[in-house]
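What follows is a single structure, written as structure tokens, with notes after it.
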Protein chains: 2
Amino acid sequence: MAPKLAAQARREFEPPEAEAGPEGALLDLSHLSSIVGYPLRRAQMAVFEDFARRFQPLDLTPAQYSTLSTIGDNPGRNQSEIAAALGILRPNFVAMMDELERRGLAERTRSGVDRRSNALALTPTGRELLTRARVVQGEQEAAIEDILGRGEREALVEALRKLATLA
Amino acid sequence: MAPKLAAQARREFEPPEAEAGPEGALLDLSHLSSIVGYPLRRAQMAVFEDFARRFQPLDLTPAQYSTLSTIGDNPGRNQSEIAAALGILRPNFVAMMDELERRGLAERTRSGVDRRSNALALTPTGRELLTRARVVQGEQEAAIEDILGRGEREALVEALRKLATLA
DNA sequence: TATTGTTATACTCTATAACTATA
DNA sequence: TATAGTTATAGAGTATAACAATA
């Protein structure tokens with residue numbers, strides 16, 4: 001159950017601000033790597049790539065995972081509410097729900113109170129998959145903690161949450 | 001010179017793990033906001049939106065800024081080297097250079113040593129724009145420091161750099 | 001044979017306008 | 001009149017294959 005895959009090959013030293021070229025000559029990236037935006041993007045890409053590898057057996061993208069998780073924790077909410085909470089535009093959320101429904105993971109139920117809206121819920125299959133997905137997600141989190149340590153990982157999450165209030 | 005715009009309206013409290021819906025009912029997002037990947041993506045989007053606003057007068061995207069900065073700090077390198085350092089695929093970097101050249105910000109010079117490759121450099125105009133862009137970038141960094149404080153901002157950059165070694 | 005720059009192309013994400021059915 | 005879901009569509013960003021020129 002405990003993930004051992006992750007803490008293996010770690011670069012022990014790296015030239016702090018440079019990137020290796022083909023013949024070994026290094027590029028100066030100091031201006032970029034000292035500001036928040038650039039390493040933020042690189043980290044996001046790395047974490048999502050790692051996510052893709054781990055979730056390949058479950059066939060879930062980050063967006064699908066976050067949708068399943070949010071529906072599971074908020075059953076009965078409609079599409080607009082779930083989409084808005086996840087920062088997904090309503091038009092783009094339609095195909096998302098089409099696919100989850102096609103795979104038998106989630107259901108839309110035309111609400112009796114307001115017949116315009118679709119109450120969303122997970123199917124039993126969807127709940128099972130979400131349970132398994134959260135285990136896999138926990139493994140990624142453990143891999144991150146192997147790199148950062150518990151305290152720095154928690155500090156990172158807190159800093160990122162504050163950063164999200166910038167825009 | 002010091003940016004005062006940023007530290008103004010900050011949410012003083014927020015329900016730690018929930019999102020407001022239209023009628024005020026809150027969604028449970030606790031499972032997502034406690035893992036790294038989700039706030040990482042939200043923070044990245046927020047920082048890039050803020051970047052887009054600040055750089056609208058200079059008409060620079062994050063990718064264009066990082067390209068200008070890297071060429072400026074590494075003049076004479078060829079397209080493959082600059083693109084690889086920035087994680088941009090060579091085919092996609094062609095249009096990037098086309099546009100920077102069209103705007104008179106950068107130049108490709110067919111190398112004498114290896115006539116396959118284009119040595120890249122900034123034009124005087126490009127150097128001027130880069131100087132101005134770094135001032136704007138410094139303002140974003142100051143705005144982030146208004147939110148996080150100096151120490152937490154530096155800790156964030158360090159954590160993000162480590163995270164990028166995950167994939 | 002391998003590499004640099006390039007073209008063509010495709011696939012995903014994201015964004016906007018407009019329709020329909022309900023309210 | 002406004003809202004929920006939907007369709008159509010357009011634009012980024014990102015990915016791969018293949019070609020010409022050069023090594």
Side-chain angles (χ1 to χ4, degrees), chain A residues 21-25 37-38 41-42 44-46 48-49 51-52 55-56 59-67 71 76-102 106-120 167, chain B residues 21-25 41-42 44-46 48-49 51-52 55-56 59-67 71 76-102 106-120 167:
Chain A
E23 352 87 12
Y38 185 74
R41 173 172 166 269
R42 301 303 288 250
Q44 207 253 320
M45 291 184 54
F48 271 46
E49 272 175 47
F51 184 102
F55 279 83
Q56 200 165 339
D59 193 25
L60 286 180
T61 65
Q64 287 172 327
Y65 172 70
S66 59
T67 301
I71 296 176
R77 296 303 188 123
N78 65 33
Q79 292 187 196
S80 296
E81 291 175 308
I82 300 288
L86 295 173
I88 301 173
L89 292 171
R90 276 62 85 214
N92 298 332
F93 197 65
V94 174
M96 167 95 274
M97 286 309 305
D98 286 348
E99 175 67 5
L100 295 181
E101 216 168 25
R102 191 194 64 77
E107 282 175 337
R108 308 185 234 218
T109 310
R110 216 79 208 186
S111 165
V113 242
D114 183 341
R115 298 216 318 281
R116 290 173 300 183
S117 59
N118 290 332
L120 303 185
Chain B
E23 350 90 9
R41 173 172 166 269
R42 300 304 289 251
Q44 208 253 320
M45 291 182 55
F48 270 47
E49 272 175 47
F51 183 103
F55 278 83
Q56 199 166 339
D59 192 23
L60 286 179
T61 65
Q64 287 171 328
Y65 172 69
S66 59
T67 300
I71 296 176
R77 297 303 190 123
N78 65 32
Q79 292 187 195
S80 296
E81 291 175 308
I82 300 289
L86 295 174
I88 301 174
L89 292 170
R90 274 63 84 214
N92 298 331
F93 197 64
V94 174
M96 168 94 274
M97 285 309 304
D98 285 348
E99 175 66 5
L100 294 181
E101 217 167 25
R102 191 194 63 77
E107 283 175 335
R108 310 184 233 217
T109 310
R110 216 81 208 185
S111 164
V113 241
D114 182 341
R115 297 215 321 279
R116 290 172 300 181
S117 59
N118 291 332
L120 303 185

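Below, read A as the first sequence line, B as the second, and so on, with proteins coming before strands; counting in each chain starts at 1.
Phosphate proximity of C:dT4 to B:R77: absent, as no side-chain N or O sits under 4.0 Å from OP1 or OP2. Within the 4.0 Å cut-off from OP1 or OP2 of C:dA23, at least one side-chain nitrogen or oxygen of A:R115 is found. Residue B:T61 has no polar side-chain atom (N or O) positioned under 4.0 Å from OP1 or OP2 of D:dA12.
Residue A:R116 is the one, among A:R90 and A:R116, whose nearest nucleotide of DNA chain D lies closer to the 5' end (criterion: closest heavy atom). Residue B:S117 is the one, among B:S117 and A:L89, whose nearest nucleotide of DNA chain C lies closer to the 5' end (criterion: closest heavy atom). When the nearest nucleotides of DNA chain D are assigned to A:R41 and B:G112 by heavy-atom distance, the more 5′-ward of the two goes with A:R41.
The base of D:dA4 lies outside donor-acceptor range of the side chain of A:D114, with no N or O pair under 3.5 Å. With hydrogens and angles ignored, no donor-acceptor pair closer than 3.5 Å exists between the side chain of A:N118 and the base of D:dA4.
To the nearest angstrom, P of D:dA4 lies 20 Å from CE of A:M96. Atom CG in B:N78 sits roughly 10 Å away from atom C1' in C:dG5 (whole-Å rounding). Rounded to whole Å, atom C1' of D:dA17 lies 13 Å from atom CG of B:N92. Here C:dT16 presents its P atom at 16 Å from CD1 of A:I88, a figure rounded to the nearest Å.
B:F48 is not listed as a side-chain neighbour of B:M45, based on a closest heavy-atom distance of 4.5 Å or more. Here the side chains of B:F93 and B:M96 are in contact, with some heavy-atom distance below 4.5 Å. Taking 4.5 Å as the limit, some side-chain heavy atom of B:R41 sits within range of a side-chain heavy atom of A:Q44.
Of the candidates C:dG5, D:dG5, D:dA8, the closest approach to any side-chain atom of A:P91 belongs to D:dA8. For A:Q79, taking side-chain heavy atoms from C-beta onward, the closest of the listed nucleotides C:dT14, C:dG5, D:dT6 is D:dT6.
Checking A:E101, A:E107, A:M97, A:R77 one by one against A:L120, the side chain to side chain contact (heavy atoms under 4.5 Å, CB included) holds for a single residue, A:M97.
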